[in-house]
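Please read all numbers here as calculations on a predicted model, not as lab measurements. As a basis for the values below, the full set of heavy atoms in this structure was taken, side chains included, without hydrogen atoms, waters or symmetry mates.
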Amino acid sequence: MSAAAVTDWRPALAPAILRRHDHARDADLLLLPERVVVLRGAAGTVVGLCDGTRSVDDIVDELAERFPGSPVATDVPPFLERLRKEGWLR
């Protein structure tokens with residue numbers, strides 16, 4: 001997939017996946033059929049922005065505003081692509 005295709009993509013959770021906050025763990029989770037994934041660090045924030053309306057560039061821009069100085073431009077697109085390859089994002 002080309003770099004332009006990745007940044008133009010508007011990620012959203014796959015239909016069978018739910019994002020929930022676990023108060024006992026104080027962590028965001030992805031609830032998949034027969035599996036739970038704990039989102040650590042800022043991963044829950046990143047996935048929370050994947051609503052199908054924002055492009056990857058929009059998500060990176062918003063995170064760069066929230067977390068100045070963080071390497072979001074280099075870290076977020078590959079992270080989202082990994083989630084897509086897992087089938088968790090469409």
If you look only at pairs with a residue in [range], which of them pass as a ring-ring contact (aromatic ring centres under 6.0 Å, His included), with sequence neighbours excluded?
{"range": "residues 69-90", "value": "none"}
{"range": "residues 15-56", "value": "His21-His23"}
{"range": "residues 24-58", "value": "none"}

Contacts under 3.5 angstrom, residues 33-41 side chains, donor-acceptor by atom type, not counting sequence neighbours:
none

Next item on the list: Heavy atoms only: give me the nearest Asp28-Gly44 pair and the separation to one decimal.
Entry: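 Where Asp28 meets Gly44 most closely, the heavy atoms are OD2-CA, 3.4 Å.
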Listed pairs under 3.5 Å, donor-acceptor, residues 61-71 side chains, sequence neighbours left out:
| unit_1 | atom_1 | unit_2 | atom_2 | d |
| --- | --- | --- | --- | --- |
| Glu62 | OE1 | Arg54 | NE | 3.3 |
| Glu62 | OE2 | Arg66 | NH2 | 2.7 |
| Ser70 | OG | Phe67 | O | 3.3 |

Notebook entry, point to check: Can you tell which of Leu83, Asp51, Leu89 makes a side chain to side chain contact (heavy atoms under 4.5 Å, CB included) with Leu13?
Noted result: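 That would be Leu89.
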Next item on the list: Consider only side-chain heavy atoms of I, L, V, M, F, W and Y, link residues closer than 4.5 Å, and tell whether Leu29 and Val47 are in one cluster.
Entry: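 No: no chain of side-chain contacts under 4.5 Å links Leu29 to Val47.
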Item checked: Set of residues satisfying side chain to side chain donor-acceptor pair (under 3.5 Å) with respect to Thr74, sequence neighbours excluded ->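 Counting only residues at least two positions away or on another chain, Thr74 forms no side chain to side chain donor-acceptor pair (under 3.5 Å).
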Margin query: Under the criterion side chain to side chain contact (heavy atoms under 4.5 Å, CB included), I'd like the reasoning laid out for Asp58 against Arg10: C-alpha separation, chi angles, the key distance, then a yes or no.
Written below: CA-CA 9 Å; Asp58 295 337; Arg10 297 182 182 280; 3.7 Å; yes
Next item on the list: Go through the structure and list residues passing side-chain contact (heavy atoms from CB on, under 4.5 Å) with Arg90, not counting sequence neighbours.
Entry: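 Result, side-chain contact (heavy atoms from CB on, under 4.5 Å) vs Arg90: Ala12, Pro15.
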Notebook entry, point to check: Out of curiosity, Ile59 CD1 to Thr53 OG1, how far, rounded to the nearest 0.5 Å?
Noted result: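 One finds 8.0 Å between CD1 of Ile59 and OG1 of Thr53.
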